Amino acid sequence: MSGNQYTYDCATPRTRLERLLRERELRRSNRSQHSNEKVRDGNREVDIFENGNDLYIVGDDWSREEESVEAIAAARALTYGYERQEGQSSKQRLLVVANRLPVSAFRKGEDSWTLEVSVGGLVSALLGVNEFEARWIGWAGVNVPDEIGQKSLTKALAEKRCIPVFLDEEIVHQYYNGYCNNILWPLFHYLGLPQEDRLATTRSFQSQFAAYKKANQMFADVVNEHYEMGDVIWCHDYHLMFLPKCLKEYNDKMKVGWFLHTPFPSSEIHRTLPSRSELLRSVLAADLVGFHTYDYARHFVSACTRILGLEGTPEGVEDQGKLTRVAAFPIGIDSDRFIRALELPQVKNHIKELKERFSGRKVMLGVDRLDMIKGIPQKILAFEKFLEENPEWRDKVVLLQIAVPTRTDVPEYQKLTCQVHEIVGRINGKFGTLSSVPIHHLDRSLDFHALCALYAVTDVALVTSLRDGMNLVSYEFVACQASKKGVLILSEGSLGLEMYAVEFFQRERIK
Ligand SMILES: O=P(O)(O)OC[C@H]1O[C@H](O[C@H]2O[C@H](CO)[C@@H](O)[C@H](O)[C@H]2O)[C@H](O)[C@@H](O)[C@@H]1O
Ligand SMILES: O=c1ccn([C@@H]2O[C@H](COP(=O)(O)OP(=O)(O)O)[C@@H](O)[C@H]2O)c(=O)[nH]1
């Protein structure tokens, strides 16, 4: 054995270790204790062998590296997900960090709170993650300026394994309403930048970007406070693109993943963002970066190569020997949860009521947050055209549109709400009768069971997104249609998700 001996710790070239571990895992079946194996690392060949609890890695230009079982477990947790080691607690600890907590808080008194499940695909998707011992860190959707409120809310949230980040009104205004939802959200969905934000010198842009960085640091501070060695940190979405960098600056041993729930646009679109480079570099501080689809991942890698001049590899992006792995991990739903819900007596009753209420009419359904990317005005206008062109259907079809209010402090969303109300009012005025209207529009959310019943009685679901990250509603509808086999109409803007949808439909045997 040649070279110097030193102790490998989890922070030293992790990416190499991961690559080696992955290859080693593939050879697991042929391996015996104390055996020696040769593994390729790029162009080099290195030897890996185990002795008791130690892993030895020896290569031509490598020094001998000695790795503890804990460090291997930590690297494996990041590379393969959780793997149980003797003497460890039964589940890997996971800190999920997202702007929105799975519950939103409403203040009832000085120190009393009610918590309601937050609506949105990110929350729906992540509630299904149960193979980890997970804690959530995020914003509870409420301003809590006083100490009594902060303490009591922290306590109430702890019961849900949630840890709050307290953002004051000004930060929420600049970071969430401003930079996240007025700049990044429309840009990532190809709606462009608001006119006034094209120049970085615009005061609003600068202050919003500063608030964005400040908010990300506030999330990082809470993570640091709760971090325990070996934890995996999973950062979510466009709200927290700075977080991987903040975390690694604090402790480069942390295992950090970052996942984007929206599309990542082509590099030509990302290039129009004044802070384009800083955001990319911050995300690249993560060990693993994930997207819903291969296209989004490819766009991210090409933004890094074209805008930052870095090298894209089949595994990700490389910067001076450090590899950030980039891959597609399409999020799905727990379909069994929906199928089971349909068997519950209260859901069955609800289905019966809905069938009676709409008997003799075909039910069309839209379930969306009231967001410009969901194409709600377009959907309703298409329905109007259908009624105009097919008068025989006017009293035989109803459109139920659940439009969950969202980001209501952002002017674009306020305008959209007025626009949708105006169109619905006009169409109901035109085609309604004294006893019925063609569109039932609800400005509120439904709970899980009510939603399942609605999906089950629907004849045609309309998913009309102009662009969407994934859109879980389409999957949920299919899961609830096992016996009915209705129709799902997906807009062209949702077709990026087609391959996943088709695979899902086949699995659910819906033709
Ligand atoms: O937290 P909000 O501002 O109220 O918005 C709700 C969520 O909207 C976005 O959801 C996305 O995630 C889904 C699951 O991956 C995906 O199916 C959908 O296409 C996306 O739009 C947003 O990305 C989340 O951060 C929000 O929590
Ligand atoms: O009244 C409602 C409307 C929607 N949802 C949930 O909100 C999520 C929406 O996710 P999607 O990915 O379709 O879009 P997003 O809102 O995240 O952009 C889905 O899980 C729905 O079941 C809900 O719980 N109640």
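All heavy atoms count here, side chains included; hydrogens, waters and symmetry mates do not. What you see is a predicted model; the values in this text were computed from it and never measured. Position 1 is the first residue of the sequence; numbering continues from there. Indexing begins at 1, ligand by ligand and atom by atom, following the structure's order.
- The nearest heavy-atom contact from the protein to atom 27 (O) of ligand 1 is Leu122 CB, 3.8 Å.
- With respect to atom 25 (N) of ligand 2, the closest heavy atom belonging to the protein is Leu446 O, 3.0 Å.
- Of all protein heavy atoms, the one closest to atom 26 (C) of ligand 1 is Arg407 NH2, 4.2 Å.
- Asp468 OD1, 3.7 Å is the protein heavy atom nearest to atom 18 (C) of ligand 1.
- Between Phe291 and Phe300, the distance separating the two ring centers is shorter than 6.0 angstrom.
- No donor-acceptor contact under 3.5 angstrom links the side chains of Glu353 and Asn349, judged on distance only.
- For atom 20 (O) of ligand 2, the candidate residues are Glu476, Arg444, Met470; the nearest heavy-atom contact is made by Glu476.
- Annotation: atom 16 (C) of ligand 1 to nearest protein heavy atom, Met470 N, 3.7 Å.
- Put simply, OG1 on Thr464 and CD1 on Ile489 are 10.0 Å apart, with the number rounded to the nearest 0.5 Å.
- Only the side chain of Leu451 comes within 4.0 Å of ligand 2, judged by heavy-atom distances.
- Between Asp287 atom CG and Trp258 atom CH2 the span is 14.5 Å, to the nearest 0.5 Å.
- When Arg100, Lys374, His292 are ranked by how near their heavy atoms come to atom 18 (O) of ligand 2, first place goes to Lys374.
- Short contacts between ligand 2 and Val473, defined as distances under 4.0 Å to a heavy atom of the residue, involve ligand atoms 13 (O).
- Under the 4.0 Å criterion applied to side-chain N and carboxylate O atoms, Arg271 and Glu268 are assigned as salt-bridge partners.
- Here the CG atom belonging to Leu472 is positioned 9.5 Å from the CG atom belonging to Leu122, to the nearest 0.5 angstrom.
- Checked against a 3.5 angstrom limit, the closest N/O atoms of Ala125 and ligand 1 fall outside it.
- For atom 12 (O) of ligand 1, the nearest non-hydrogen atom of the protein is His261 CB, 3.4 Å.
- When non-hydrogen atoms are compared, ligand 1 lies under 4.0 Å from the side chain of Arg100 (C-beta onward) but not from its backbone.
- Less than 4.0 angstrom separates some heavy atom of Gly121 from each of these atoms of ligand 2: 8 (C), 9 (C), 10 (O), 11 (P), 12 (O), 15 (P), 16 (O), 17 (O).
- For the residues His189, His239, Arg369, His292, the heavy atom positioned nearest atom 6 (C) of ligand 1 is part of Arg369.
- Ring pair Tyr212/Tyr179 is tilted by interplanar angle, where 30° to 60° counts as tilted.
- Look at Arg369 and you'll find a heavy atom under 4.0 Å from some atom of ligand 2.
- Residue Lys374 has no N or O atom closer than 3.5 Å to an N or O atom of ligand 1.
- Residue Trp185 has no nitrogen or oxygen atom sitting less than 3.5 Å from a nitrogen or oxygen atom of ligand 1, judged on distance alone.
- Of all the heavy atoms of Leu472, the ones lying under 4.0 Å from any atom of ligand 2 are found in both the backbone and the side chain.
- Counting heavy atoms closer than 4.0 Å to ligand 1, residue Tyr475 contributes nothing at all.
- Considering only non-hydrogen atoms, atom 23 (O) of ligand 1 lies nearest to Asp237 out of Leu260, Ile331, Thr262, Asp237.
- Interatomic distance, Ile376 CD1 to Ser465 OG, rounded to the nearest 0.5 Å: 9.0 Å.
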Assess whether side-chain contact (heavy atoms from CB on, under 4.5 Å) is satisfied between Trp113 and Val103, documenting all intermediate values. CA-CA 11 Å; Trp113 297 89; Val103 285; over 6 Å; no
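- Classified by interplanar angle (parallel below 30°, tilted 30° to 60°, perpendicular above 60°), the ring pair Tyr455/Phe477 is perpendicular.
- The CG atom of Leu184 sits 8.5 Å away from the NE2 atom of His270 when rounded to the nearest 0.5 Å.
- Protein heavy atom in closest approach to atom 17 (O) of ligand 1: Asn471 N, 2.9 Å.
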Start with the C-alpha distance between Tyr176 and Arg100, add both sets of side-chain angles, then the distance that settles side-chain contact (heavy atoms from CB on, under 4.5 Å), and finish with yes or no. CA-CA 10 Å; Tyr176 176 71; Arg100 189 165 291 286; 3.1 Å; yes
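- Here's the thing with Gly121: none of its N/O atoms is less than 3.5 angstrom from an N/O atom of ligand 1.
- You'll find the side chain of Val404 stays beyond 4.5 Å of the side chain of Thr406, heavy atoms only.
- Atoms of ligand 1 found under 4.0 Å from any heavy atom of Gly469, numbered from 1 in the order shown, are 19 (O).
- Residue contacts with ligand 2 leave out His261, since none of its heavy atoms falls under 4.0 Å from the ligand.
- For ligand 2, the atoms closer than 4.0 angstrom to any heavy atom of Ser124 are 8 (C), 19 (C), 20 (O).
- Ring geometry for His441 versus His421: interplanar angle over 60°, hence perpendicular rather than tilted (30 to 60°).
- The N/O atoms of Asn181, backbone and side chain alike, include none that comes under 3.5 Å of an N/O atom in ligand 1.
- Near Ile402, meaning under 4.0 Å from one of its heavy atoms, ligand 2 places the atoms 1 (O).
- By the 4.0 Å N-to-carboxylate-O rule, Arg407 lies too far from Glu412 to be salt-bridged with it.
- Each of the following atoms of ligand 2 lies closer than 4.0 Å to a heavy atom of Val367: 3 (C), 4 (C).
- With ring centers used as reference points, His292 lies under 6.0 Å from Phe259.
- Ring to ring, Trp234 and Phe132 are not that close: their centroids are 6.0 angstrom or more apart.
- When each atom of ligand 2 is checked for a heavy atom of Val404 under 4.0 Å away, the hits are 1 (O), 2 (C), 3 (C).
- For ligand 2, the atoms sitting less than 4.0 Å from at least one non-hydrogen atom of Ser445 are 1 (O), 2 (C), numbered in the order shown with element in parentheses.
- Near Tyr176, the atoms of ligand 1 lying under 4.0 angstrom from a non-hydrogen atom of the residue are 2 (P), 3 (O), 4 (O).
- Contact atoms of ligand 2 toward Val119: 4 (C), 5 (N), 7 (O), 23 (C) (distance under 4.0 Å to a heavy atom of the residue).
- With rounding to the nearest 0.5 angstrom, the OG1 atom of Thr272 is 4.5 Å from the CG atom of Leu193.
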